[in-house]
Amino acid sequence: KDDFSLFKAIAKSHEGSVLELLARGLVALDKNLASDLLYRADLPDEVNIADLREGKLEKIWSEAVGLYTGYIATKGYYWQTGGRSDFSALEPVSKAGFYAVLPSISEAIQQVHQQQKPATEKQRGRGLQQSLKRVRKNLTQKLQNLRQDLEEAGQAEELEKKGNNLLAQLSQVRPGSSEVELTDIYDISGKTLLKIDMDPGRSPAENAKWFLKTSKKYLRRCQVVPGHIEAMNIQLGEVERFIDNLVEGKEGDFADIEKW
């Protein structure tokens, strides 16, 4: 999984605006969402990479991580700018007061199409395909991220063990160590050694707290994420079915797709 250090390295090698970097460099992110991320980070669309301090870059990264790994919203957002209609599954914070909140992303898509000029059945089908493919791309990326999050959360038990071992044996850990080997307190025979990689910039106690805090976060993730994955798989299956029907020319399905 990409981390901030990689994002920072990519940003430093980019010449031009931050908006272009986000729109081109982050998966499933168009210019509307890129602009909204900048707004959330209190930055204008025109800001260039060369003018950014690391703190602001880290703020942008934090907002982007929140977008990809945050709670999956079931709502859709619709707005108009300069006569053009747009929709999103992410709340367009920068357009506060100018967007409508709809019960689902599909209703936001339908609203966009209703505002367009009357089209032929073929044009209508192409437009629906394009919208559905955008939804499929976003759902697929979010599903991939959720699976990666769930895989990462599988470390919860191991991190809890390391945290408790560190807390129980702090006197045996030298401050500034990047690695320590301790007798595993969970082995009553006392024969098992546990190797623990640590952040030398943190004290042994702070390392222990980090392990335990992260373990709790992962345990919560294990409880919540499977339900999200199941729901998104169902949505993705529906989108795939609609796209297949449109490709096969089943125009009678238009109404069902627009109501979805």
Side-chain angles (χ1 to χ4, degrees), residues 1-11 26-29 37 40-41 54-55 57-74 89-91 138-236:
K1 183 183 291 187
D2 294 343
D3 57 17
F4 174 64
S5 59
L6 177 57
F7 176 68
K8 182 171 66 173
I10 294 172
L26 295 182
V27 177
L29 202 73
L37 280 179
R40 292 171 181 227
E54 184 170 323
L57 196 60
E58 193 164 6
K59 173 65 174 172
I60 293 171
W61 174 252
S62 175
E63 294 293 347
V65 169
L67 166 63
Y68 283 114
T69 63
Y71 182 80
I72 301 171
T74 57
L90 172 70
E91 181 183 1
N138 286 328
L139 285 175
T140 300
Q141 181 60 49
K142 286 183 178 180
L143 195 55
Q144 180 182 340
N145 290 337
L146 283 172
R147 285 170 175 158
Q148 290 175 346
D149 288 344
L150 190 58
E151 182 180 353
E152 183 181 52
Q155 304 174 64
E157 185 177 339
E158 184 66 18
L159 292 179
E160 182 181 21
K161 180 191 287 189
K162 289 179 178 179
N164 285 331
N165 267 282
L166 275 174
L167 277 182
Q169 303 175 76
L170 285 176
S171 61
Q172 299 182 44
V173 185
R174 186 171 56 191
S177 298
S178 58
E179 182 183 281
V180 67
E181 196 169 59
L182 300 172
T183 302
D184 188 355
I185 61 173
Y186 290 90
D187 179 11
I188 57 175
S189 71
K191 295 179 180 180
T192 302
L193 293 178
L194 182 66
K195 183 181 289 186
I196 303 174
D197 292 325
M198 301 192 304
D199 181 352
R202 295 189 177 116
S203 69
E206 288 171 339
N207 272 282
K209 289 178 182 178
W210 181 88
F211 281 123
L212 294 173
K213 181 180 179 181
T214 305
S215 173
K216 287 181 181 179
K217 181 179 73 174
Y218 285 172
L219 286 173
R220 288 194 299 270
R221 190 182 291 179
C222 287
Q223 294 170 350
V224 174
V225 171
H228 289 170
I229 289 176
E230 182 180 0
M232 292 196 72
N233 271 320
I234 293 172
Q235 292 181 47
L236 192 57

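Keep in mind that what you see is a predicted model, and the values were worked out from it rather than measured.
- Contact record, P200 with G176: CB-O, 3.3 Å, taken as the closest heavy-atom pair.
- Nearest approach of A208 to G163, heavy atoms of both residues: CB-O, 3.7 Å.
- In this structure, D197 and F211 approach most closely via the heavy-atom pair O-CZ, 3.3 Å.
- Here the CG-CD distance, from L146 to E230, works out to 13.0 Å after rounding to the nearest 0.5 Å.
- For L193, the side-chain contact (heavy atoms from CB on, under 4.5 Å) partners at least two apart in sequence or on another chain are E181, T183.
- Annotation: the span from Q144 atom CD to L139 atom CG amounts to 13.0 Å, rounded to 0.5 Å.
- Side-chain contact check for N164 versus Y186: some heavy-atom pair is nearer than 4.5 Å.
- Listed by first and then second residue, the salt bridge (Lys or Arg N to Asp or Glu O under 4.0 Å) pairs involving residues 205-214 amount to none (not counting sequence neighbours).
- Considering all non-hydrogen atoms of both residues, C222 and L150 come closest at CA-CD1, 4.1 Å.
- Closest non-hydrogen pair, Y218 versus A156, comes out as CB-CB, 3.7 Å.
- N207 CG to L166 CG: the interatomic distance, rounded to the nearest 0.5 Å, is 6.5 Å.
- Partners of R220 under the side-chain contact (heavy atoms from CB on, under 4.5 Å) rule, at least two apart in sequence or in another chain, are K216, K217.
- For S189, the side-chain contact (heavy atoms from CB on, under 4.5 Å) partners at least two apart in sequence or on another chain are D187, K191.
- One N or O on the side chain of Q155 and one on the backbone of E152 form a donor-acceptor pair closer than 3.5 Å.
- For A168, the side-chain contact (heavy atoms from CB on, under 4.5 Å) criterion is met by I185, not counting sequence neighbours.
- Within the structure, every pair that satisfies the salt bridge (Lys or Arg N to Asp or Glu O under 4.0 Å) test and touches residues 157-175, not counting sequence neighbours, is listed here: K161-D184.
- Of all the heavy atoms in R221 and A153, the pair that sits closest is CD-CB, 3.8 Å.
- Atom CG of N145 sits about 11.0 Å away from atom OG1 of T140, to the nearest 0.5 Å.
- Residues passing the salt bridge (Lys or Arg N to Asp or Glu O under 4.0 Å) test with R202, sequence neighbours excluded: D199.
- From Q235, atom CD reaches atom CG of L143 across 10.0 Å, with rounding to the nearest 0.5 Å.
- Here the CG atom belonging to L194 is positioned 9.0 Å from the CD atom belonging to Q169, to the nearest 0.5 angstrom.
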